[in-house]
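All remarks here apply to the structure that follows.
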Amino acid sequence: MDMHTVVVGTSGTTAEDVVAVARHGARVELSAAAVDALAAARLIVDALAAKPEPVYGVSTGFGALASRHISHELRAQLQRNIVRSHAAGMGPRVEREVVRALMFLRLKTVASGHTGVRPEVAQTMADLLNAGITPVVHEYGSLGCSGDLAPLSHCALTLMGEGDAEGPDGTVRPAGELLAAHGIAPVELAEKEGLALLNGTDGMLGMLVMALADLKNLYTSADITAALSLEALLGTDKVLAPELHAIRPHPGQGVSADNMLRVLAGSGLTGRHADVTGDAPRVQDAYSVRCAPQVNGAGRDTLDHAAVVAGRELASSVDNPVVLADGRVESNGNFHGAPVAYVLDFLAIVAADLGSICERRTDRLLDKNRSHGLPPFLADDAGVDSGLMIAQYTQAALVSEMKRLAVPASADSIPSSAMQEDHVSMGWSAARKLRTAVDNLARVVAVELYAATRAVELRAAEGLVPAPASQAAVAALRAAGAEGPGPDRFLAPDLAAADTFVREGRLVAAVEPVTGPLA
């Protein structure tokens, strides 16, 4: 567990803090300013609750039932009931890191002072995170409008001491038992608090933030594997020249070209088009090799756009109604997930395309008709063994699924709540499929890495000298357990070791001592 503390104030949070809390167990603390803002907003809500005029979310029902005025004696029951009734998720459990991100981001909005939630409720939310108590949240239930209602409801249920939750030891128990074991008193919800705990884009935003962190690593890793493949295919690095990319100034394209060029520095394999026995001289390399900076770079630019959207959302207070600084409590549509849903879908598209170009290079490395002298399927003894033939099948199956996952969820909408909520974002669904796409992409990059390092080793055995960065990548991968060629050990390629090596950022770490920091 990461023991550093993330302080939650009134002005939002950072992507780094989300990852620290969600993945690394960082502790959470409310700032003094946040506690003051919570108390001030609560005074406004209490004053409105005492008035005879109905105020949405304070003294009325919700959604299609907003026209009903709720009497004082029923309001606490109303807040409990909205949590209980909305905790209607189904399907497999959502990952622990997603739930922790969901809880932390809801706390971020609560702490802004725009929700009217009491300070003690916010403190209990922080206490749950710090105790390592994770509500059981299910895969299905959110339409991404009025926020991630069902997932957030399951979290709020735990605050009330109801439902099931996972303790720090990984055991699922009744939430009331877990709270009691950690000395945490269940929350008794007051006016507006039930609604305020449910009405945000926190689930989809948390998954976006973590996907961006993962994709940053994978895009840098894919620049490295593209360079390794170019080198193993005896391609030319002239297409990576900065002056070529300066005349088409997409920022990501220049970054990817620079990364590849630095990986290939000092290579004795590049530019040998006319030197391969039996090959006709090549004027240029295939698109999957030559256009790697353009494809990888376009994806990088899309990541940058998505990070801008995430940053805006991390600075937002998403609730309905909201408490404004002048004392008004106003209904609004800020809970709609469209801005987040769109970029989640954009990222699924670029992940699929990056996976596709990685797979094409892998296939080229394995095809003796296009690999410029490499053995069929990079086998140790082709025919006696099949080399990486089926590794490419696995990679192709992953890419095929990623293409299906690239179909946008945000292009769909389905009406709910008796046509009151008649246009929804499907942002939660976009986030869920993106997580699968990112997971697949790590495996796809790992297969290319495995094939490219094997091919580089074979070139070295021919007496050619790979780039120092390539040699570092090969050595680190082998040390990590992904063994290289041999009559016996190569028969079962250890793709799992390569996958872990890529997704943990160890590929990037292995080459940066040679190349310097890669973007």
Side-chain angles (χ1 to χ4, degrees), residues 214-273 284-301 303-304 350 354 357-358 361-362 365 441-442 445-446 448-457 459-460 464-480 498 501-519:
D214 293 337
L215 286 168
K216 183 180 187 302
N217 165 55
L218 290 176
Y219 266 83
T220 306
S221 299
D223 288 342
I224 296 169
T225 61
L228 292 171
S229 292
L230 182 152
E231 186 177 35
L233 291 166
L234 308 179
T236 178
D237 58 359
K238 290 182 179 180
V239 297
L240 305 175
E243 57 269 26
L244 293 175
H245 299 280
I247 62 175
R248 195 191 190 195
H250 293 287
Q253 177 179 322
V255 167
S256 287
D258 182 65
N259 281 348
M260 291 180 65
L261 199 58
R262 287 199 278 149
V263 171
L264 292 170
S267 174
L269 281 70
T270 57
R272 302 179 65 89
H273 282 171
Q284 55 191 11
D285 294 310
Y287 283 9
S288 60
V289 178
R290 188 178 4 140
C291 301
Q294 286 76 12
V295 173
N296 291 20
R300 284 179 171 276
D301 290 342
L303 262 64
D304 288 344
V350 299
L354 179 59
I357 200 170
C358 289
R361 289 190 296 265
T362 303
L365 289 166
L441 180 59
V445 173
E448 184 184 10
L449 173 66
Y450 201 95
T453 52
R454 162 69 167 152
V456 166
E457 286 180 314
R459 296 298 192 195
L464 301 175
V465 181
S470 299
Q471 296 179 47
V474 171
L477 182 62
R478 299 296 173 249
F501 187 72
V502 167
R503 71 176 66 231
E504 291 183 351
R506 285 191 275 164
L507 172 60
V508 178
V511 303
E512 283 190 326
V514 180
T515 62
L518 298 174

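Source: prediction; values computed, not measured.
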query = Hey, does Glu504 have a side-chain heavy atom less than 4.5 Å from the side chain of Asn217?
reply = no
Non-hydrogen side-chain atoms of Tyr219 and Val350 separated by less than 4.5 Å = yes
remark   = To the nearest 0.5 Å, atom OG1 of Thr225 lies from atom CD1 of Ile357 at 10.0 Å
inquiry  = So which atom in Val263 and which in Ala467 form the shortest heavy-atom distance, rounded to 0.1 Å?
reply    = O-CB, 3.3 Å
ask   = Which heavy-atom pair separates Ala222 from Cys358 by the least distance, and what is that distance?
value = CB-SG, 4.5 Å
Main-chain N/O of Val239 paired to His245 side chain as donor or acceptor, under 3.5 Å = yes
key: Nearest-0.5 Å distance that lies between atom CG in Leu477 and atom CG in Leu449   = 5.0 Å
task = Working to the nearest 0.5 Å, report the span between CG of Leu240 and CE of Met260.
result = 5.0 Å
inquiry  = Counting C-beta onward and ignoring hydrogens, is there a side-chain heavy-atom pair between Leu441 and Asp214 closer than 4.5 Å?
reply    = no
inquiry  = Closer than 4.0 angstrom, basic N to acidic O: yes or no for Arg300 and Asp304?
reply    = no
inquiry  = For the CG atom of Leu269 and the CG atom of Leu233, what is their distance to the nearest 0.5 Å?
reply    = 10.0 Å
inquiry  = Nearest 0.5 angstrom please: Asp285 CG to Ser229 OG, how far?
reply    = 11.5 Å
task = Would you confirm whether Asn259, through its side chain, and Ala519, through its main-chain N or O, come within 3.5 Å as a donor-acceptor pair?
result = yes
task = Identify the heavy atoms of Ala472 and Val514 that sit nearest to each other, and give their distance.
result = CB-CG2, 4.1 Å
ask   = Is it true that a side-chain atom of Thr453 and a backbone atom of Tyr450 form a donor plus acceptor pair closer than 3.5 Å?
value = yes
remark   = Minimal heavy-atom distance between Pro242 and Leu261, with the atoms involved, is CD-CD2, 4.1 Å
ask   = For Ala292, does its backbone N or O pair with a side-chain atom of Asp223 as donor and acceptor, under 3.5 Å?
value = no
ask   = Is any side-chain heavy atom of Glu231 closer than 4.5 Å to a side-chain heavy atom of Pro466?
value = yes
ask   = Hey, does the Lys NZ or Arg CZ of Arg361 hover above the aromatic six-ring of Tyr287, less than 6.0 Å from the centre and inside 45° of the axis?
value = no
message = Any salt bridge linking Arg478 with Glu457? Criterion: basic side-chain nitrogen under 4.0 Å from a carboxylate oxygen.
response = yes
note = For Gly297 and Ser256 the tightest heavy-atom approach is N-OG, 3.7 Å
key: Shortest non-hydrogen separation from Ala469 to Val511 and the atoms involved   = O-CG1, 3.6 Å
request  = Examine distances only and state if a side-chain atom of Arg262 and a backbone atom of Thr515 form a donor-acceptor pair shorter than 3.5 Å.
outcome  = yes
query = Arg290 side chain to Gly235 main-chain N or O, any donor-acceptor pair under 3.5 Å?
reply = no
Euclidean distance, Asp237 CG relative to Leu264 CG, rounded to 0.5 Å = 6.0 Å
